[in-house]
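A short worksheet on the structure shown next.
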Amino acid sequence: MTCQSCASRIEKVLNKKPFVEQANVNFAVEEAQVVFDSTQATTEDVLNILQKTGFKGILKNDRQPVLPEDRKAHWQLWLLLLINIPFLIGMIGMLIGNHRLMLSPMWQFVLATIVQFGLAIPFYRGAIASIRSGLANMDVLVSSGTLTIYLYATYMLFYHIAQGHNALHHIYFEAAVMVIGFVALGKFLEERTKKHSLNSLELLLQLTPKKVSVFRDETWQTISLDQVKIGDVLCTNHGERIAADGIVEEGAGWCDESHLTGESIPEMKQIKSMVLAGAMVTEGSLIYRANQLGSKTLLGDMMKALSDAQGTKAPIARFADKVAGIFVPAVLIIAMVTFGLTWWITANIGTAIIHSVAVLVIACPCALGLATPAAIMAGMGKAVNSGIWFKDATAMEETARVDTVVLDKTGTLTTSELAVAAVWQPESAVISEKDLYRITAAVEQNATHPIAKAIVRSALEKRSTIPTALSVKTEVGLGVSAEVEGVGFIKVGSPEFCGFQLPSQLNGIWDIASIVVVSINNEIAGAFALTDTLREESKGTIKRLQQNNINVIIMSGDRQPAVDYIAQQLSITTAFGKFTPRDKAARIQALQQEGRVVAMVGDGINDAAALVMANVSFAMKSGSDVAEQAASATLMWQSIKQLADGIFIAQATLKNIKQNLFFALIYNALGIPLAALGYLNPVIAGAAMALSSISVLTNALRLKRLKIEQ
């Protein structure tokens, strides 16, 4: 596709078919996403429609990295640029008054003919296919403009030869040749930028090795990655990348999995450890069995998510589509009006042709068509590298407009683990706090409840030696009792289980925490208050959001005092407890009715309704499948820091899109009048047209270098 008009043409043709429900074509990634009734048509039918429209379609899974015609196009470009060199030298000579540097008129004619009817054939093919389908594209502008100059220059050449005059000052072959050269070079650079610099998929592809070492037929063999099967035993050494998701069977080493987990510190892998495709073995050697390959790996899933998302369109792109739909016909009309007025005013048909062709060439629908998808491609790539998988471009654009964030508490702001927040002992206590931990852990290590695990973990962190408990007896929902040698009969559990109520003066954390009482020989020894543990990044993330004028609200099913406690720690002024899933969805709807653009973050099944109701929603990768399916984006690193990163990346992307649209519109708004008035000749116009698309792409590339606050 040469410009946005091509994408619009394909969309128009496909959407007219009765069996097509919806067709979206993305110019930047040159992909069509088509939803059709498989009972009425097949993928082959869709491909045949594309063929008749003037394009070759390839199923996405069958796409090859480099097609043969790409190489042919490269050779044509280099030949075209080689022919441009003598014309460029001659043009410089003309500017400095040295006409001896210019080619003879006949040589100019020969070279221009080779270009016009040989190297410019792709422009003619595109123009003819475009006109046949009822829409005009950039090829129509370039081919009609350069052919007009060529035919006029040819007429003037042979007319002056017949008159016996020197035609050198009456021909404009250099304009036709150099316009085609500049535009072709611009399209080449545009394609390279789209396919290599902008496209993060290519970088992800480089994370998997092309060759792997596999154990087959009682020996180690080196084979290509596509020959590996599930269940194969593979070996990866220091400095090499893991080829598949699998389980380590032999060896040990350190793996850098930052491309998937966001953890910059390498992780130690040993027998029974899981390894992920694309991870770099920074030290050691691993022998592992492949469990998942290709698209089934976490890396493959990431690539598919990115590819699908980049192929979608943001709502703001509809503006560019509408403009592109009328852009080329409008430019053709302006060019004809320019020709007529200039000829009438100057009485010089040559000047009229030059001015009108300059109008055709300076007009650039490409920059307008690239404005949105180029930024989306770069923004999506940046988001994926930061641990955020947006489902589509619409989700990213909507995220940029978020002004209110609703957070669940447990699993989002806090970890799923409990931690000891406070310890109480009576004045008559005869054991130290450390001994209280030791004795309690001796009994609790026999239980599986999260509270028991939290106390045992705290005791171990204090480097306490945990004694052995005997005659352990568990009463479900109440507590655990046991005999601890040298201490006596220990009971650990609820106040009722231990037969003791805490003093009334204990408040604050004790009002919201889970309480565990400990008695020794039926005498109270102490109590523990356990609460949720704040995620390390929660405070910093909330502060970043609030500093950027984003309102943060907590909605949780937990008790109101517990929710208030977490909200106070995070300086959040609005927090709701005891909220059912229906309550969460209703409150979000109320916020939307107030004009708020709401983002919801959750990780549980009970968050699904709220996630659907919100304008945009984020689910933790570690959460439920229901929540992940309902969400607009997934936070891969299981951290709400990625929530803030995702919002700020989306904001930067939307800002970049608006900059691109402004540049494309102002470029055409200024360029076309200047060309019509004769201030731009076709050669300069052709160079400017090529540069306009490159400028839009270069601006989009800035997103890949976007600095995200840590």
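Keep in mind that this is a model prediction, so the values were computed, not measured. All values below were derived from every heavy atom in this structure, side-chain atoms included, with hydrogens, water molecules and symmetry-related copies excluded.
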Subject >> 4.5 Å side-chain heavy-atom contact, Ile247 and Ser273 >> reply: no
**OP:** Kindly say whether Ser632 contributes a backbone atom to a donor-acceptor pair with the side chain of Ser617 at under 3.5 angstrom?
**Re:** yes
**OP:** Could you tell me the separation between the CD1 atom of Ile455 and the OH atom of Tyr437, rounded to the nearest 0.5 Å?
**Re:** 8.0 Å
**OP:** For Lys658, enumerate each residue passing the side-chain contact (heavy atoms from CB on, under 4.5 Å) test, keeping only those at least two apart in sequence or located in another chain.
**Re:** Ile316, Leu654
Original post:
What is the minimum heavy-atom distance between Val598 and Asn615, and which atoms define it?
Top reply: N-OD1, 2.8 Å
Subject >> Presence of salt bridge, Asp408 and Lys584, under 4.0 angstrom >> reply: yes
Original post:
Ion pair present between Glu257 and Lys269, side-chain N to carboxylate O less than 4.0 angstrom?
Top reply: yes
Subject >> Set of side chain to side chain donor-acceptor pair (under 3.5 Å) partners for Asp583, sequence neighbours left out >> reply: Thr580
**OP:** Not counting sequence neighbours, which residues clear side-chain contact (heavy atoms from CB on, under 4.5 Å) with Lys655? List them please.
**Re:** Gln659
Subject >> Side-chain touch Asn656/Arg702, heavy atoms, less than 4.5 angstrom >> reply: yes
**OP:** Mind checking the CD-OG1 spacing from Gln569 to Thr414? Nearest 0.5 Å is all I need.
**Re:** 10.0 Å
Original post:
Between Phe390 and Ala633, what is the shortest heavy-atom contact and its length?
Top reply: CD2-CB, 3.8 Å
Original post:
Can you find a heavy atom in the side chain of Leu276 that is under 4.5 Å from one in the side chain of Leu299?
Top reply: no
**OP:** Kindly state each residue pair satisfying salt bridge (Lys or Arg N to Asp or Glu O under 4.0 Å) with at least one member in residues 393-407, sequence neighbours excluded.
**Re:** Glu397-Arg401
Original post:
Does a sphere of radius 6.0 Å around CD in Glu536 hold more than 12 heavy atoms from other residues, nucleotides or ligands, not counting ones at 6.0 Å or beyond?
Top reply: no
Original post:
Should the pair Arg241-Asp256 be classified as a salt bridge under the 4.0 Å nitrogen-to-oxygen rule?
Top reply: no
Original post:
Is a side-chain donor-acceptor pair under 3.5 Å present for Gln568 with Asp564?
Top reply: no
Subject >> Min side-chain heavy-atom separation Lys578-Gln560 under 4.5 Å >> reply: no
Subject >> Closest non-hydrogen atom pair between Ala375 and Thr653, with its separation >> reply: O-CG2, 3.5 Å
Subject >> Flag side-chain contact, heavy atom, 4.5 Å: Trp389 against Met636 >> reply: yes
**OP:** Establish, from distance only, whether the side-chain atoms of Ser639 and Glu537 form a donor-acceptor pair under 3.5 Å.
**Re:** yes
Original post:
Do Ile647 and Leu545 have side chains that get closer than 4.5 Å, going by heavy atoms?
Top reply: yes
**OP:** For Phe663, check side-chain contact (heavy atoms from CB on, under 4.5 Å) against everything at least two apart and list the hits.
**Re:** Ser692, Ser695, Val696
Original post:
Under 3.5 Å, is there a donor-acceptor pair between the Asn15 and Gln22 side chains?
Top reply: no
Original post:
Checking Arg587 against Phe579: charged group under 6.0 Å from the ring centre and within 45 degrees of the axis?
Top reply: no
Original post:
Do Ile566 and Ile572 come close enough that some side-chain heavy atom pair is under 4.5 Å?
Top reply: no
Original post:
Do Asp245 and Asn291 get their side chains close enough for a donor-acceptor pair, meaning under 3.5 Å?
Top reply: no
**OP:** Using the test side-chain contact (heavy atoms from CB on, under 4.5 Å), find all partners of Ala652 that sit at least two apart in sequence or belong to another chain.
**Re:** Leu703, Leu706
